[in-house]
2 protein chains.
Amino acid sequence: MQDRVNERLEARSNTKAQILSAALASFGTAGYDGTSLDDLARGLGIRKQTILYHFVSKRGLLNAVVDRCAGDLTGAMDEVLSGADRDWERVEALVRRVFRVALEQPVLLGLLREVSRPGSPGAQRLRNHMEPMMARARVWIEGEMAAGRMRRADAQLLLISAYSTVVGVATETEVLRAAGIEPTLRPVVQRRRELLNFLRSSLDPRD
Amino acid sequence: MQDRVNERLEARSNTKAQILSAALASFGTAGYDGTSLDDLARGLGIRKQTILYHFVSKRGLLNAVVDRCAGDLTGAMDEVLSGADRDWERVEALVRRVFRVALEQPVLLGLLREVSRPGSPGAQRLRNHMEPMMARARVWIEGEMAAGRMRRADAQLLLISAYSTVVGVATETEVLRAAGIEPTLRPVVQRRRELLNFLRSSLDPRD
DNA sequence: CAGGCTATTTACCAGTTGGTAGAGAGCGGC
DNA sequence: GCCGCTCTCTACCAACTGGTAAATAGCCTG
């Protein structure tokens with residue numbers, strides 16, 4: 001009996017999850033406007049109305065996708081910000097953790113890129129997710145600066161610079177592919193190193 | 001008589017040029033799929049069929065826009081590559097020149113971003129424009145390396161890294177705006193400095 | 001077995017999309 | 001005065017868009 005309930009719950013989340021991940025991929029590559037619900041459904045072997053049943057509207061689907069991605073990101077950042085690392089080590093851990101998420105889920109980067117366009121539907125929603133996390137990071141950094149454990153700098157601008165570097169990885173991967181080069185880890189690792197260097201030179205008091 | 005001819009020619013290029021720049025702005029902000037010919041025409045106070053008369057199809061319009069932008073970019077690069085600067089100075093001049101184009105025409109960056117997505121219509125066309133210029137730059141850099149005037153490095157990867165940094169400026173501007181910060185020159189200048197530092201540390205033999 | 005809930009379907013719709021066909025206006029050359 | 005060229009327009013269309021309404025089937029509970 002309970003098995004049956006589980007089975008149905010699994011079946012539900014299965015369809016829903018499949019729609020979600022297919023939508024993530026499509027929004028991230030073809031863009032929001034470039035994605036049609038009919039195509040999406042066809043790709044999954046279901047009818048468009050099933051998508052609308054689960055997510056009410058195309059906009060609702062986008063929101064759900066954004067929510068999931070933002071959750072993955074803020075969750076990862078949360079782990080680090082609740083962790084034991086301190087001072088500069090924490091900054092480094094944060095960067096490495098975010099890059100790890102990005103590398104594990106390349107499609108996530110595509111969506112991030114698509115949705116960071118101002119005026120894009122979902123831009124506001126992404127911002128609502130990221131802002132508290134950014135504010136938290138900012139408060140922490142500014143605290144470190146005040147305590148003399150980090151050099152003084154514009155924390156806000158620093159964070160945005162870091163964020164856009166991560167999104168920029170998506171751009172670079174695409175440029176590489178467009179240039180006919182199968183993307184490797186190398187440029188990504190290089191970007192990460194650049195970002196770490198930049199942050200270290202801005203923040204590390206030992207420099 | 002000749003006046004009349006000129007007037008007509010001017011009128012022609014006027015409409016066509018207006019369509020072109022409006023399309024550039026719309027493709028760069030709303031994206032290709034997010035741009036409708038009807039809206040575009042309405043914004044210009046003309047009928048959609050006038051657009052189609054001048055550019056045959058929506059795709060044709062995109063191609064024309066890409067051609068213009070790529071022309072601006074390769075033209076700028078061409079100037080420098082035909083100029084008097086040598087060695088590292090030439091690299092620096094190249095970077096500064098390209099950034100100048102990007103700053104003078106922010107919409108161009110938006111289009112570049114839109115069109116660098118692989119699978120995007122126009123991606124191939126952009127590539128066809130950029131490739132010869134990239135190849136030329138690469139040959140030159142590799143020559144400098146062989147002559148010992150630059151340090152050895154992967155010229156191809158270096159160029160792509162530089163290119164995606166420029167495109168990344170578009171991303172950053174948008175992220176800034178999405179974060180509610182009116183974009184200023186500062187982050188752009190910073191990106192340019194970062195890129196120059198990166199290139200210098202990779203190429204300048206004096207380092 | 002009746003009733004209700006969940007999930008998916010078929011049938012349908014109004015609005016928008018890019019694009020075609022063709023008419024008309026203004027002009028210069030013959 | 002008429003032809004032909006360039007440019008812009010009106011009229012129209014088939015295909016597709018996101019979305020609504022309602023039917024159906026399977027399952028659990030009472």
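In what follows, chains are A, B, ... by sequence order, proteins preceding strands, each numbered from 1.
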Dump every N/O contact between nucleotides 10-12 of chain D and the protein below 3.5 Å, one line per pair.
| residue | atom | partner | partner atom | Å |
| --- | --- | --- | --- | --- |
| D/dA11 | N6 | B/Gln49 | NE2 | 2.8 |

Could you tell me whether the side chains of [X] and [Y] share a donor-acceptor contact shorter than 3.5 Å?
X	Y	value
A/Arg200	A/Asn197	yes
B/Arg127	B/Ser116	no
B/Ser164	A/Arg191	yes

Inset, instruction - Find out whether the Lys NZ or Arg CZ of A/Lys16 is both under 6.0 angstrom from the six-membered ring centre of A/Phe55 and within 45° of the ring's axis. - result: yes

Inset, instruction - Check whether NZ of the Lys or CZ of the Arg B/Lys58 lies under 6.0 Å from the centre of the six-membered ring of B/Tyr32 and within 45 degrees of that ring's axis. - result: yes

Legend entry - Sequence-distant partners of A/Arg138, side-chain hydrogen bond (donor to acceptor under 3.5 Å, both in side chains), two or more places apart: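 With sequence neighbours excluded, A/Arg138 shows a side-chain hydrogen bond (donor to acceptor under 3.5 Å, both in side chains) to A/Glu142, A/Gln156, given in chain and number order.
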
Inset, instruction - Kindly write out the residues that satisfy side-chain hydrogen bond (donor to acceptor under 3.5 Å, both in side chains) with B/Glu92, not counting sequence neighbours, or none if the list is empty. - result: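 Checked B/Glu92 against side-chain hydrogen bond (donor to acceptor under 3.5 Å, both in side chains); matches are B/Trp88, B/Arg96.
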
Legend entry - Any A/Thr15 side-chain N or O less than 4.0 Å from OP1/OP2 of C/dA7: no

Inset, instruction - May I ask you to evaluate whether A/His54 reaches the phosphate of C/dT8, defined as a side-chain N or O under 4.0 Å from OP1 or OP2? - result: yes

Inset, instruction - For A/Val166, enumerate each residue passing the side chain to side chain contact (heavy atoms under 4.5 Å, CB included) test, keeping only those at least two apart in sequence or located in another chain. - result: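 Scan of A/Val166 (side chain to side chain contact (heavy atoms under 4.5 Å, CB included), adjacent residues dropped) gives A/Val98, A/Phe99, A/Leu109.
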
Legend entry - Dot-bracket pairing map - DNA chain C, Watson-Crick plus G-U, both contacts under 3.5 Å, | cross-strand: ||||||||||||||||||||||||||||||

Legend entry - Residue-level proximity of residues 20-39 of chain A to DNA chain D when a heavy atom falls under 4.0 Å: A/Thr35, A/Ser36, A/Leu37, A/Asp38

Inset, instruction - Using a 4.5 Å cut-off on heavy atoms from C-beta on, say whether the side chain of B/Leu108 contacts that of B/Leu73. - result: yes

Inset, instruction - For the pair B/Asp33 and A/Thr35, evaluate side-chain contact (heavy atoms from CB on, under 4.5 Å) and give the outcome as yes or no after the intermediate values. - result: CA-CA 9 Å; B/Asp33 289 313; A/Thr35 297; over 6 Å; no

Legend entry - 5'-most by nearest nucleotide on DNA chain D - B/Gly45 or A/Leu52: B/Gly45

